[in-house]
Amino acid sequence: MSDESTQRDYRDTVFLPKTAFPMKAGLPQKEPGIQARWQEIGLYEKLRESRAGREKFILHDGPPYANGDMHIGHALNHILKDMVCRTQNLLGKDAPYVPGWDCHGLPIEWKVEEKYRKKKLDKNAVDPKEFRAECRAYAQHWVDTQREQLKRLGIMGDWDNPYLTMDFQAEATIVAELMKFAEAGNLYRGSKPVMWSPVEETALAEAEVEYEDLTDSPQIDVAFEITECPNAPELEGAYAVVWTTTPWTIPVNQAIAYGADLSYDLVEWNGRKYLIAFACQAETMKRWGYEPTTGEGSLAGAYTGSKLAGAKARHPMHHLGGFYATPRPFLAGDFVTTESGTGLVHMSPDHGEDDFELCKANDIHPVFAVMDDGRYRDDWAWLGADDLDGEGKPRRRSVINKPFNSPEGPICSDLREADALLSASADYAHSYPHSWRSKAKVIFRCTPQWFVPMDEVLDSGDFDLAVPDPIGGAVSLFVHHDHSTLRQRAMSEIERVRFVPEKGRNRIGSMVEGRPDWVLSRQRAWGVPITLFVRPDGSYLQDPAVNARVVEAVREDGVDAWEEARKAEFLGPDHNPDDYEMVMDILDVWFDSGCTHAFVLESGRWPDLQWPADLYLEGSDQHRGWFQSSLLQSCATRGRAPYDQVLTHGFTMDAKGKKMSKSLGNTIDPLKIMEQTGADIIRLWALSVDFTEDHRIGDEILKGVGDQYRRLRNTFRYLLGALDGFVGDMSDAGEIPELEVYILSLLSELDGKLRQAVEDYDYNTYTRLLVDFCNEDLSAFFFDIRKDSLYCDGPDSVTRNAYRTVLDLLFHSLVRYAAPVLVYTAEEVWQSRYPEDGEQGGSVHLLEWPPVPTVPADREKWSKLRALRERVTEAIEPLRRDKVIRSSNEATVIVPAGAVPEVVTDAQLAELFITGTVTRSQGDEVRVTKSTDAKCGRCWRLLPDVPEDGALCGRCKSVVAARDTAA
RNA sequence: CAUUGGUUAGCUCAGUCGGUUAGAGCAGUAGAAUGAUAAUCUACGUGUCGCGGGUUCGACUCCCGCACCAAAAGCCA
């Protein structure tokens with residue numbers, strides 16, 4: 001039908017997208033270069049300049065601990081922070097980011113000590129200053145390492161000026177903040193049992209303790225002979241039975257507690273009478289190996305606990321004399337139950353909170369028999385040395401030493417010998433506190449410590465602060481001199497602050513509601529000293545002039561300034577050094593980090609920052625950590641929280657939802673992912689998961705993220721190609737076709753939803769909206785329909801120009817929307833279109849949220865059209881499957897007239913459906929047949945005005961003619 | 001042991017203030033085209049909405065119990 005001469009190859013007359021932007025990303029190779037360029041052009045500084053004077057948004061960075069490589073948790077946390085700052089900057093606000101590190105504390109000290117141990121050096125023999133210098137160097141090393149890793153991740157911030165809690169200035173501020181507590185009297189020295197780690201030789205705060213389930217704990221039953229019982233003399237000579245899981249506390253037993261309302265009874269066994277709570281008899285005797293057939297057991301007559309008032313028993317080791325010879329009184333304790341044990345509780349005020357309180361009320365005091373390292377004092381009467389020290393000299397073992405407490409250990413052996421041990425085994429299951437860092441067991445131990453009281457009225461509350469509503473609007477004044485306690489203030493701030501997600505409020509609320517006084521002191525070396533001068537009676541000096549000298553000294557010389565040699569210098573002429581002792585404890589590191597708001601936001605060292613912060617953003621574990629320490633610190637010193645909003649994220653689990661741990665070998669290393677697939681992939685992952693909950697990462701998930709990434713990348717690649725050589729703008733777009741108007745309205749809708757997602761910190765919605773828009777509305781709809789116009793319309797075609805104008809707008813919008821997520825790829829896209837450094841400041845990250853026109857589009861009409869379009873493509877599918885037609889262009893379509901919105905032409909329908917001619921009928925069906933028209937050799941459409949296959953349609957004929965003429 | 005949160009398609013997530021066939025993207029399968037080409041387009045989801053009860057005309061959605069996962073946290077003498 002056509003001879004060869006008419007079959008021209010029109011390929012080179014078609015305007016195909018052209019771009020140098022590669023489809024393959026090669027992120028691992030490309031990202032470091034982009035990163036280097038940012039540094040070169042001073043991107044962060046440029047951004048600050050460009051946002052100067054704008055409304056501020058202050059995200060205050062919670063300091064990660066400077067110890068070890070970046071892990072997936074750090075990565076997630078920092079990506080979220082980066083997303084917050086970048087989106088706020090994009091919105092035109094001034095949102096600086098000053099990263100920081102937590103540098104003091106036990107874990108670092110521990111690592112440095114490990115080095116000593118390896119070299120067989122005694123830490124205590126090293127000069128403290130030298131030791132601290134090593135800790136400082138160790139922390140600095142990891143600060144530098146993590147800084148590079150976070151930069152590589154694309155986190156934008158003031159990396160040249162991070163804050164470190166070990167900076168002298170920070171240390172001085174921490175001291176100054178502590179002195180605010182001291183000067184206001186909001187500190188006290190107490191001597192009560194606290195969690196103590198014999199391994200680390202320091203007191204621990206709740207936050208530093210974790211509970212581990214044990215199944216092999218010892219449990220013993222010990223008999224105390226009753227020597228006196230005024231209300232029931234017949235009990236004299238019987239034995240009171242106590243049960244304990246900590247045999248090592250028996251040597252410091254000082255009393256026995258009973259429940260006044262509980263019912264007690266004697267049992268007879270092996271010729272002796274034992275007093276046990278009635279409810280506990282069966283279980284207790286089972287431990288002793290009691291067999292019912294022996295005929296022994298419960299004796300007649302029950303005793304209510306109150307009969308034991310005034311009774312006394314003697315310690316099984318009473319023959320040792322001294323401490324052990326003192327009769328042990330029976331004391332009524334409301335904490336005594338019959339749920340476990342014997343209903344009689346052995347009391348050692350040194351090692352239990354209940355014990356301490358009950359004994360204190362009865363004028364029985366701790367004896368401090370256990371030393372810092374967990375061993376009994378050498379002069380303690382009971383328990384000989386049964387272990388060898390490093391030099392082979394005999395010494396006592398630590399009380400957390402397993403053999404020490406075992407049924408064969410020295411305690412049990414001695415008790416057995418004294419005929420006081422009724423049972424001993426190592427099979428008790430319970431959860432037991434361990435040190436968070438060393439994983440070693442901790443003990444309750446009574447030592448003098450410094451506390452911040454939670455329930456004392458804070459009388460220094462001259463807080464001249466207006467507290468704005470976090471959402472804006474109404475301003476409520478903080479009530480001054482309200483005689484509230486720290487706990488009350490903290491609770492009311494928890495009411496005020498915005499928590500995202502909302503459940504965080506309950507979480508921190510219930511913790512603050514029930515927490516004990518804050519134990520501030522630690523008996524360690526690497527930290528900020530508690531710079532107090534104490535009098536022999538335990539009271540401390542409250543002289544602002546002295547404190548000012550101390551703060552100044554720390555500002556000059558760091559924490560090393562607090563040394564005995566400078567005592568007189570600090571005290572000055574007004575105080576006699578002989579009247580005071582310097583406290584040599586250091587501060588809980590949570591106090592350090594609780595002060596970051598003071599030395600970072602308030603100090604003026606970072607002029608871009610201001611107090612209070614708009615937002616704190618950390619993992620949900622910080623409800624008991626930084627969120628809380630900052631809240632308490634600030635409430636006590638400033639009357640309000642240092643933040644208006646708190647955002648928390650969950651933790652990253654492995655692909656199966658299991659916790660990641662090095663020992664399980666299921667960790668995902670973000671450094672490796674960056675090396676293998678790129679930082680943008682981790683970022684896209686972090687911003688697509690529901691970070692408010694625990695979430696997963698794994699190979700399959702990352703593969704999915706990679707696919708998502710490629711689709712986004714390809715959308716940009718298409719835009720770049722289609723916009724090749726485009727220089728126009730909206731002003732010369734002329735009449736805009738309805739399809740373009742519709743797309744613009746979709747864009748405007750997307751824009752609104754993205755803004756809302758930013759407002760809600762809902763980033764997985766943010767990325768999903770972006771991806772869905774690119775896939776659904778652009779790639780599969782708009783781009784597909786307009787492909788014909790882009791490829792085949794003439795250069796001056798109104799449609800084509802309008803399309804490219806809208807593509808340009810889409811480009812500028814999408815690249816900005818994507819920039820906070822795909823920081824590297826967005827920059828690559830931007831550079832690809834605007835390679836000149838000067839253009840728009842040289843980086844996509846300096847741009848602001850795009851202005852998107854709000855255009856009126858008949859959305860109802862378009863949803864009707866898109867529904868009809870779906871019906872048509874669906875109807876075409878069977879014909880393609882049967883190979884009747886191949887391309888949708890070959891289809892002639894008859895649609896029900898009723899399904900077509902008004903004022904839509906058949907030609908417009910054909911364009912939308914990407915089919916041949918479309919007509920309408922009165923039926924209900926969409927009918928598709930193979931077109932009988934010929935196929936245009938250039939645009940491949942089947943049209944009535946194409947004379948024969950391979951010839952040109954009218955449109956193409958004129959485009960080619962114009963082109964030929966030009967050539 | 002008690003507490004809190006979670007459990008919707010292979011994966012990431014929506015959703016339902018109780019009401020007709022529970023939705024997207026990605027993956028998968030099949031196909032088209034070969035002019036976004038390591039790309040693009042089309043079609044395809046019988047998912048016990050963790051399990052078991054209850055309330056209700058009706059529950060994935062409310063209530064109770066259980067299981068599993070996770071967190072935090074108190075007691076455990």
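Keep in mind that the numbers below use all heavy atoms, side chains included, and drop hydrogens, waters and symmetry copies. Below, chains carry the letters A, B, ... as their sequence lines are ordered, and counting in each starts from 1.
In this structure, A:Arg866 forms a cation-pi arrangement with A:Phe781, its terminal cationic atom sitting closer than 6.0 Å to the ring centre and no more than 45° off the ring axis.
The side chain of A:Arg711 places an N or O atom within less than 4.0 Å of a non-bridging phosphate oxygen (OP1 or OP2) of B:C26. In this model, the phosphate group of B:A24 is not approached by any side-chain N or O of A:Asn775 to a distance below 4.0 Å at OP1 or OP2. The shortest distance between the side-chain N/O atoms of A:Thr873 and the OP1/OP2 oxygens of B:A43 is below 4.0 Å. A close approach under 4.0 Å does not occur between any side-chain nitrogen or oxygen of A:Lys883 and OP1 or OP2 of B:G31. Between A:Tyr432 and B:C75 there is no side-chain polar atom (N or O) within less than 4.0 angstrom of OP1 or OP2. One finds a side-chain N or O of A:Lys787 lying less than 4.0 angstrom from the OP1 or OP2 phosphate oxygen of B:A36. Between B:A77 and A:Thr245, a contact under 4.0 Å exists linking OP1 or OP2 to a side-chain N or O. Under 4.0 angstrom from either OP1 or OP2 of B:A33 there lies at least one side-chain N or O belonging to A:Arg886. Checking the phosphate oxygens (OP1, OP2) of B:C41, a side-chain nitrogen or oxygen of A:Ser779 falls inside 4.0 Å.
To the nearest 0.5 Å, atom OH of residue A:Tyr817 and atom CZ of residue A:Phe773 are 8.0 Å apart. Between the CZ atom in A:Phe224 and the CG atom in A:Leu344 there is a gap of 10.5 Å [rounded to 0.5 Å].
Defined by atom type and a distance below 3.5 Å, a donor-acceptor pair is present between the side-chain atoms of A:Thr652 and A:His695.
With both ends at atom C1', the span from B:C51 to B:G6 equals 15 Å, rounded to whole Å. Nucleotides B:A70 and B:A9 are separated by 23 Å at their C1' atoms, to the nearest Å. Taking atom C1' on both nucleotides, B:G5 is separated from B:A72 by 10 Å, rounded to a whole Å. Atom C1' of B:C41 sits at a distance of 45 Å from the matching atom of B:C62, rounded to the whole Å. As rounded to the nearest Å, B:G15 and B:U7 have C1' atoms that lie 16 Å from one another. Rounded to whole Å, the separation between the P atoms of B:A33 and B:U42 comes to 15 Å. Remark: the separation of the P atoms in B:C11 and B:G74 is 36 Å, to the nearest Å. The gap from the P atom of B:C17 to that of B:C60 amounts to 15 Å, rounded to the nearest Å.
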Original post:
Between A:Tyr258 and A:Val336, is a side chain to side chain contact (heavy atoms under 4.5 Å, CB included) present by the stated rule, with each step listed?
Top reply: CA-CA 6 Å; A:Tyr258 60 87; A:Val336 180; 5.7 Å; no
**OP:** Assess whether salt bridge (Lys or Arg N to Asp or Glu O under 4.0 Å) is satisfied between A:Asp221 and A:Arg287, documenting all intermediate values.
**Re:** CA-CA 8 Å; A:Asp221 286 298; A:Arg287 287 197 295 274; 2.7 Å; yes
Using a cut-off of under 3.5 Å, enumerate the N/O to N/O pairs linking the protein to nucleotides 9-13 of chain B.
unit_1, atom_1, unit_2, atom_2, d
B:G10, O2', A:Glu700, OE2, 3.3
B:U12, O2', A:Ser688, O, 3.1
B:C13, OP1, A:Asp690, N, 2.4
B:C13, O2', A:Arg768, NE, 3.2

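In this structure, A:Trp243 does not count as stacked on the base of B:A77 under the 5.5 Å centre distance and 30° plane angle limits.
Taking 4.0 Å as the cut-off between side-chain N and carboxylate O, A:Glu828 and A:Lys30 count as a salt-bridged pair. Using a 4.0 Å cut-off between a side-chain N of Lys or Arg and a carboxylate O of Asp or Glu, A:Lys753 and A:Asp772 do not qualify as a salt bridge.
Around atom CG of A:Asp12, more than 12 heavy atoms belonging to other residues, nucleotides or ligands sit under 6.0 Å away. Atom CD of A:Glu877 has more than 12 neighbouring heavy atoms from other residues, nucleotides or ligands inside a 6.0 Å radius. Within a 6.0 Å sphere centred on CG of A:Asp724, heavy atoms belonging to other residues, nucleotides or ligands number more than 12.
Atom P of nucleotide B:U42 and atom CZ of A:Phe783 are separated by 14 Å, given to the nearest angstrom. As a whole-Å value, the separation of A:Tyr709 OH from B:A27 P is 16 Å. B:U3 atom C1' lies 16 Å from atom NE2 of A:His623, rounded to whole Å. With rounding to whole Å, A:Asp788 atom CG is found 18 Å from B:A33 atom P.
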**OP:** Using a 3.5 Å limit on both pairing distances, list the dot-bracket string of RNA chain B from the 5' end; Watson-Crick and G-U wobble pairs count, crossing pairs take [ ], interstrand pairs take |.
**Re:** (.(((((..((((.....[...)))).(((((.......))))).....(((((..]....))))))))))..)...
